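Worksheet for the structure shown next.
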Amino acid sequence: PALGRGGLEALQHTVGSLLSSYGWYILLAAVAVYLLVQKVSRSLAARPSGRPGAAEAAEEPDVVVRRQEALAAARLRMQEELNAQAERYKEKQRQLEEEKRRQKIAMWESMQEGKSYKGNLKLNQQEVESGASASAVPKSKPNKKPLRGGGYNPLSGEGGGTCSWRPGRRGPSAGG
């Protein structure tokens with residue numbers, strides 16, 4: 001009634017031309033929206049509740065308690081193992097410190113007696129090595145002669161032998 005006869009015809013003409021031009025697109029969009037709504041409603045129905053802790057509340061309380069007790073026992077076991085490893089490491093460090101202290105005392109005593117502390121240190125190290133591996137027998141080294149004479153200096157160019165470097169001749173084929 002608010003629209004006259006001419007207004008109604010104009011509206012029908014506009015809707016008709018719109019459907020004739022974009023009808024297939026409108027139909028495909030409507031089908032896509034329908035499928036999307038169906039998928040969202042299925043996923044919401046599959047979820048038990050919107051709260052994150054609702055899944056745990058749905059489980060049996062005794063199962064949850066047993067799981068937590070097993071987790072606590074495993075953590076305790078791992079902590080005890082870690083403590084045991086730390087104790088072994090501390091004991092090893094204490095032994096090493098004691099050995100170093102003994103070596104320093106031996107060096108100090110040998111210096112007080114006027115002996116060379118380096119020789120004493122080498123003897124102590126040989127004792128420790130022989131104590132650690134009783135089957136290892138220290139081998140005596142034969143007297144070796146030096147490879148080159150005492151006057152050899154590679155930077156001076158003297159006393160080196162037959163090898164000596166000389167710069168090449170300058171010429172047009174030198175590159176460049």
Side-chain angles (χ1 to χ4, degrees), residues 25-161 163-165:
Y25 298 113
I26 293 172
L27 180 65
L28 288 176
V31 169
V33 167
Y34 175 75
L35 291 175
L36 185 66
V37 167
Q38 289 295 322
K39 187 171 184 176
V40 168
S41 66
R42 273 192 228 127
S43 66
L44 287 177
R47 194 182 306 174
S49 176
R51 296 180 305 166
E56 292 178 8
E59 292 181 12
E60 297 281 333
D62 56 343
V63 173
V64 173
V65 168
R66 272 187 269 142
R67 185 180 303 143
Q68 287 177 351
E69 287 175 353
L71 188 61
R75 285 182 181 156
L76 184 64
R77 237 184 355 260
M78 290 172 64
Q79 185 65 43
E80 288 173 355
E81 183 178 325
L82 185 64
N83 289 342
Q85 286 178 353
E87 201 59 41
R88 286 192 301 262
Y89 179 76
K90 285 180 184 178
E91 183 63 31
K92 195 177 196 181
Q93 291 299 320
R94 255 185 254 127
Q95 289 176 356
L96 288 174
E97 289 296 323
E98 181 66 24
E99 184 63 32
K100 285 181 183 179
R101 189 180 67 78
R102 278 192 226 126
Q103 285 182 357
K104 285 184 180 180
I105 290 172
M107 279 177 28
W108 176 254
E109 289 175 353
S110 67
M111 286 177 65
Q112 292 295 325
E113 294 172 5
K115 296 179 182 175
S116 170
Y117 70 92
K118 289 184 180 178
N120 194 7
L121 180 64
K122 287 180 184 177
L123 288 175
N124 285 342
Q125 287 178 351
Q126 284 180 355
E127 289 173 4
V128 169
E129 289 174 1
S130 65
S133 59
S135 63
V137 177
K139 297 178 182 177
S140 62
K141 294 182 181 178
N143 292 337
K144 289 185 176 181
K145 61 177 185 176
L147 294 175
R148 300 195 192 282
Y152 173 72
N153 185 359
L155 299 177
S156 68
E158 298 174 359
C163 296
S164 62
W165 180 80

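All figures in this text were calculated on a predicted structure; none of them were measured in a lab.
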Side chains of [X] and [Y]: closer than 4.5 Å at any heavy-atom pair?
X      : Y      : result
Leu71  : Gln68  : no
Gln112 : Trp108 : yes
Glu81  : Met78  : no

Apply salt bridge (Lys or Arg N to Asp or Glu O under 4.0 Å) to residues Arg66 and Glu69 and explain how you reach the verdict. CA-CA 5 Å; Arg66 272 187 269 142; Glu69 287 175 353; over 6 Å; no
* To do: Could you give me the CA-CA distance, side-chain angles and deciding distance for Glu98 and Gln95, then say whether side chain to side chain contact (heavy atoms under 4.5 Å, CB included) is met?
  => CA-CA 5 Å; Glu98 181 66 24; Gln95 289 176 356; 5.6 Å; no
Under 3.5 Å side-chain donor-acceptor pair for Asn83 and Gln79 =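 Yes, Gln79 and Asn83 have a side-chain donor paired with an acceptor closer than 3.5 Å.
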Report task. Show your reasoning for whether salt bridge (Lys or Arg N to Asp or Glu O under 4.0 Å) applies to Glu99 and Arg102. Result -> CA-CA 5 Å; Glu99 184 63 32; Arg102 278 192 226 126; 3.0 Å; yes
From CD (Glu97) to CZ (Arg101), nearest 0.5 Å: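 CZ of Arg101 is found 10.5 Å from CD of Glu97.
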Task: From OG (Ser41) to CG (Leu36), nearest 0.5 Å - done: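 Rounded to the nearest 0.5 Å, the OG-CG separation comes to 9.5 Å.
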Next item on the list: Walk me through it: do Glu91 and Arg88 pass the test salt bridge (Lys or Arg N to Asp or Glu O under 4.0 Å)?
Entry: CA-CA 5 Å; Glu91 183 63 31; Arg88 286 192 301 262; over 6 Å; no
